[in-house]
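Here the structure is laid out as C-alpha cells; the discussion comes afterwards.
Just the heavy atoms: all of them, side chains too, but no hydrogens, waters or symmetry mates, feed the values below.
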Protein chains: 2
Amino acid sequence: MPRAGTSANGRPRPATIRDVAERAGVSVATVSRILSGTYPSAPTTRGRVLRAVRELDYVANARARGLAGGQAKSVAIVVNSVISPHYAHVAQGVQDEAAREGRLCLVGTTGGDADRELATVQLMREEHAEAVILVGNIVVDDAYHERMAGYARALAAAGSQLVLCGRPPLGPDVPAIVVEYDNTAGAHAVTSHLLSAGHERILFLGRRAGYTTPDSRVAGYRAALAAYRVPHDPGLEVDGRMDRQEGYRMMRARLDEGPRDFTAVFACNDLIAAGARQALREQGLRIPDDISLAGFDDLPSAADIDLTTVHVPHEELGRTAVRLALHSETPGTVQHVMLGTHIVVRDSVRRRDVLSA
Amino acid sequence: MPRAGTSANGRPRPATIRDVAERAGVSVATVSRILSGTYPSAPTTRGRVLRAVRELDYVANARARGLAGGQAKSVAIVVNSVISPHYAHVAQGVQDEAAREGRLCLVGTTGGDADRELATVQLMREEHAEAVILVGNIVVDDAYHERMAGYARALAAAGSQLVLCGRPPLGPDVPAIVVEYDNTAGAHAVTSHLLSAGHERILFLGRRAGYTTPDSRVAGYRAALAAYRVPHDPGLEVDGRMDRQEGYRMMRARLDEGPRDFTAVFACNDLIAAGARQALREQGLRIPDDISLAGFDDLPSAADIDLTTVHVPHEELGRTAVRLALHSETPGTVQHVMLGTHIVVRDSVRRRDVLSA
C-alpha cells in the first residue's frame with residue numbers, strides 16, 4: 001500500500017477517506033458520518049477528523065459523501081396523525097433508533113386517506129428512505145392487501161424495506177416486515193380483571209367492525225366473557241372511533257338512554273376512557289366507587305386519572321421496526337414479530353358490591 | 001386553436017391536458033391533481049376525467065404530472081419530537097391545511113440536535129417542499145441567527161419558504177415568515193389570576209434561562225408580580241425542562257427540601273403541571289384545597305385533571321404557517337404574525353385562605 005499521498009509510481013496522489021481515517025485514528029465510517037453532517041459526534045473526535053482533512057488536503061468525493069445530488073440516509077414512518085399519542089410514541093421510537101443509526105427520521109401524516117398514503121409512500125421511495133414504516137389501525141380487505149403488496153414490491157425494487165406496525169401480517173409472498181403487539185391477549189387480560197372483580201355487565205366502548213385494532217380488542221373481551229361463562233350481550237358493545245370526543249359521546253349517549261345496566265366500562269383505548277370519564281363525572285358518577293373503568297394503551301396521561309389499562313410498548317414497536325429494517329440482510333425481507341402487552345392495575349376498578357350494585 | 005386532436009396543419013396531434021380538461025368540463029388544475037393522485041376527488045369528477053383521458057388517448061407528460069422523476073407537492077414541519085402534544089397539535093394544523101391545499105405533509109424530528117435539524121432542512125429543500133416550518137423553543141444567539149438566516153436564503157433560492165413557529169422574528173433582512181403566540185401575556189394573565197386569589201408566594205416550575213419559550217413565560221410571571229407589588233423571590237423559580245418527569249422531579253425535590261413556603265404553583269406547561277400534581281398527590285396534598293396549581297398550553301389532557309391553564313392555539317399556529325407560506329406572493333417573504341392566548345379557568349386554583357395558609 002503506497003504511503004498516504006503517494007501513488008504506486010511515487011507521484012503524489014490525492015488523499016483518500018482511508019488516509020483521513022488512519023490519520024485521525026478512527027474508522028472510515030466515522031469520517032464519512034462526520035463529514036456528511038448527519039451524525040452527532042464528540043467534539044474531540046470531530047476535531048481530529050477535521051484536522052486530518054485539512055492536513056491531508058482531502059477533498060471528499062461529493063457523491064460518496066451523499067451530499068451533492070445525494071441525500072442523507074433516512075427512515076420514514078407513515079401514520080394517520082401525530083396527535084394520537086400512540087402514533088406519536090411509535091414515531092418517537094422510530095426517531096430514537098434512527099438517530100442511533102445515524103439516519104434522519106421523516107414522518108408522513110395521511111389523515112387516514114388512502115390516496116395521501118399512496119402519494120406519501122411514493123415520495124418516501126423517491127427520497128430513497130431505507131425503510132418505510134406504516135403504522136395503525138386499518139380495514140383489511142383485498143384492496144388493502146393489494147395496495148400493501150404493491151408498496152412492498154416497489155420499495156424492495158428501490159432497495160427499501162416496507163414495515164407494517166400494529167397491523168396483521170400479509171403472508172409469506174409479500175416482502176414486508178410486520179411488528180405487532182398482542183391486542184387480543186391484552187383485552188382478554190383486562191376483561192378478566194373486571195370479571196374477577198365481580199363485574200358481569202361490562203360496557204365496551206369503541207367497537208368498529210372491520211378495523212383490525214378494535215376488532216382484536218373486542219375479540220379479547222368476548223373471549224374473556226366466554227371463559228368466565230358470562231353471556232355475551234351485543235347490546236353492551238357501543239360503536240365509535242378511538243378518540244376522546246367519541247368516548248365522551250358514547251358514554252353520554254348511553255347514560256342518557258336510561259337506567260344503567262352495567263357496572264363497569266371497558267374503553268377500547270385510553271383516549272375513549274378519558275372522554276367517557278368526563279361524561280361520567282358530569283353525571284356525578286365517581287370512579288371507581290360508582291362505576292369501574294378500564295382502558296387500553298397505558299398512555300402517560302393514564303396515570304393522571306388513575307386508570308387501570310393495558311400497557312402497549314409503543315416506543316419499542318417503533319425501535320423494533322427500524323432495527324429489523326436496517327439489519328435485515330436484503331431489502332424485501334419477510335418477518336413477523338409479536339410484542340407482548342400486560343395489564344397495569346391502578347385505581348379505576350373496584351370489586352363489584354353485590355349487595356348494592 | 002385547432003380542434004382537440006388536430007394540429008394547425010390538419011394532421012392529428014396528441015391530446016393535451018387542456019383537451020382533457022375541456023372534454024371533462026373541469027379545470028386543467030383539476031385534471032392534473034386527479035392524474036397525479038395526490039388530491040382526493042369526487043368520484044363523478046374523477047370518472048369524467050378518466051373517461052376523457054381514455055377517449056382522447058391522452059398520455060400525460062410524466063414530468064408535467066410530477067410523477068416520473070418529479071414529486072408530489074409537500075410542506076414540511078421540523079420539530080424536536082412528536083410526543084410533545086404541543087408540537088403534535090401544531091403538526092396536525094399543518095397537516096390539515098396542507099391537505100386542504102392538496103399538499104402532502106412531512107414531519108421531521110430532530111431530537112433537539114442542530115446537526116439533525118440542518119440535515120433535515122437540507123433534505124426537505126432537496127424534496128422541493130414548498131414551505132419548511134420550524135417549530136419550538138430555542139436558544140437565540142448569533143449562531144442560531146446565522147443558521148436560520150442560512151436556511152431562509154437557501155430555501156428562498158430553491159423557491160421554498162422558511163416559516164418559524166413559536167419563535168421570535170429574525171429581523172427584516174431575513175426572508176422568513178414568523179408565526180408566534182403571546183407567551184408573556186398568557187403567563188401574566190394566569191399569574192395575575194393567582195395573585196388576585198390572594199397567593200403571593202407562587203412557585204414557578206420550569207425556568208430555563210436562554211430558551212425563548214420559558215424565558216417569555218417567566219417574564220410574564222415576574223411582570224405580574226411587579227404589577228401587584230409582590231416582591232420577586234428568585235428562590236421561588238425552579239429550573240427544569242418542559243416535560244412530565246421534570247415536573248415530578250422539580251416538585252418532589254422542592255417538597256423534600258422542607259416546610260412549604262408557597263401556596264400556589266405555576267407550572268411552565270401542562271406536562272410539568274401533571275408531573276407536579278403527581279408529586280403533590282403522593283405527599284397527600286390536595287389540589288386546590290391544600291395548594292393551587294396552574295399550567296400553560298391547555299392540552300386536551302388538562303381538562304382531565306381540572307387544570308387552570310393558558311390556552312395556546314396550537315393547530316391554528318400550524319394552519320396559519322401553511323396558509324401564509326403558500327399564499328405569500330413570492331418565496332422569501334418577511335412576515336410576522338402574533339396569535340393570542342387566553343386563560344382557561346378550571347378547578348385547580350382556590351382563593352388563599354389567609355387564616356389557615
Side-chain angles (χ1 to χ4, degrees), chain A residues 36-41 67 69-74 76-77 79 81-85 87-92 94-96 98-99 104-111 113-116 118-120 122-124 126-127 243-245 271 274-275 277-278 281 299-301 303-306 314-315, chain B residues 36-41 67 69-74 76-77 79 81-85 87-92 94-96 98-99 104-111 113-116 118-120 122-124 126-127 243-245 271 274-275 277-278 281 299-301 303-306 314-315:
Chain A
S36 66
T38 58
Y39 193 64
S41 47
L67 288 181
Q71 278 142 348
K73 289 189 168 184
S74 62
I77 169 172
V79 294
S81 89
V82 287
I83 57 176
S84 151
Y87 293 145
H89 281 270
V90 173
Q92 184 68 38
V94 169
Q95 137 79 21
D96 289 347
L104 294 183
C105 175
L106 292 178
V107 182
T109 57
T110 66
D113 181 313
D115 286 339
R116 285 178 73 79
L118 170 63
T120 302
Q122 283 174 338
L123 189 148
M124 303 300 194
E126 283 152 11
E127 198 39 56
D243 62 53
R244 201 179 185 286
Q245 297 94 294
L271 299 178
R277 176 177 173 275
Q278 186 186 335
R281 291 183 1 154
L299 301 178
S301 51
D304 292 333
I305 56 174
D306 300 314
H314 318 274
E315 295 189 23
Chain B
S36 67
T38 58
Y39 195 65
S41 46
L67 288 181
Q71 278 143 347
K73 288 187 169 185
S74 63
I77 168 173
V79 293
S81 89
V82 287
I83 58 176
S84 152
Y87 293 146
H89 281 269
V90 173
Q92 184 67 39
V94 169
Q95 137 79 20
D96 288 347
L104 295 183
C105 174
L106 291 178
V107 182
T109 56
T110 66
D113 180 312
D115 286 340
R116 286 180 73 81
L118 169 63
T120 302
Q122 282 174 340
L123 190 146
M124 302 302 196
E126 283 153 11
E127 197 41 55
D243 62 51
R244 203 180 182 288
Q245 298 96 292
L271 299 178
R277 176 177 173 275
Q278 186 185 336
R281 290 178 8 149
L299 300 179
S301 51
D304 292 332
I305 56 174
D306 300 313
H314 319 274
E315 295 190 25

Check against side chain to side chain contact (heavy atoms under 4.5 Å, CB included), A:Glu127 and B:Leu123 = CA-CA 9 Å; A:Glu127 198 39 56; B:Leu123 190 146; 3.4 Å; yes

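- The salt bridge (Lys or Arg N to Asp or Glu O under 4.0 Å) search around A:Asp304 returns B:Arg244, not counting sequence neighbours.
- With a 4.5 Å cut-off on non-hydrogen atoms, A:Ile305 touches chain B through its side chain but not through its backbone.
- For the options B:Arg281, B:Met124, B:His314, heavy-atom pairs under 4.5 Å to chain A are most numerous at B:Arg281.
- There is no contact between B:Gln278 and chain A, counting heavy-atom distances below 4.5 Å.
- Of the two parts of A:Thr110, only the backbone, made up of N, CA, C and O, holds a non-hydrogen atom closer than 4.5 Å to a non-hydrogen atom of chain B.
- Ranked by non-hydrogen atom pairs under 4.5 Å with chain A, the options B:Thr120, B:Val94, B:Val82 are led by B:Val82.
- For chain B, the nearby part of A:Asp306 is the side chain; its heavy atoms alone come within less than 4.5 Å.
- B:Asp96 pairs by the side chain to side chain donor-acceptor pair (under 3.5 Å) definition with B:Gln92, not counting sequence neighbours.
- The candidate with the highest count of non-hydrogen atom pairs below 4.5 Å against chain A, out of B:Thr109, B:Leu271, B:Leu299, B:Leu106, is B:Thr109.
- Looking at every heavy atom in both residues, A:Ile83 comes nearest to B:Ala88 through CG2-O, 3.4 Å.
- With chain A as partner, the option from B:Ala76, B:Ser81, B:Gly275, B:Ser84 having the largest number of non-hydrogen pairs under 4.5 angstrom is B:Ser81.
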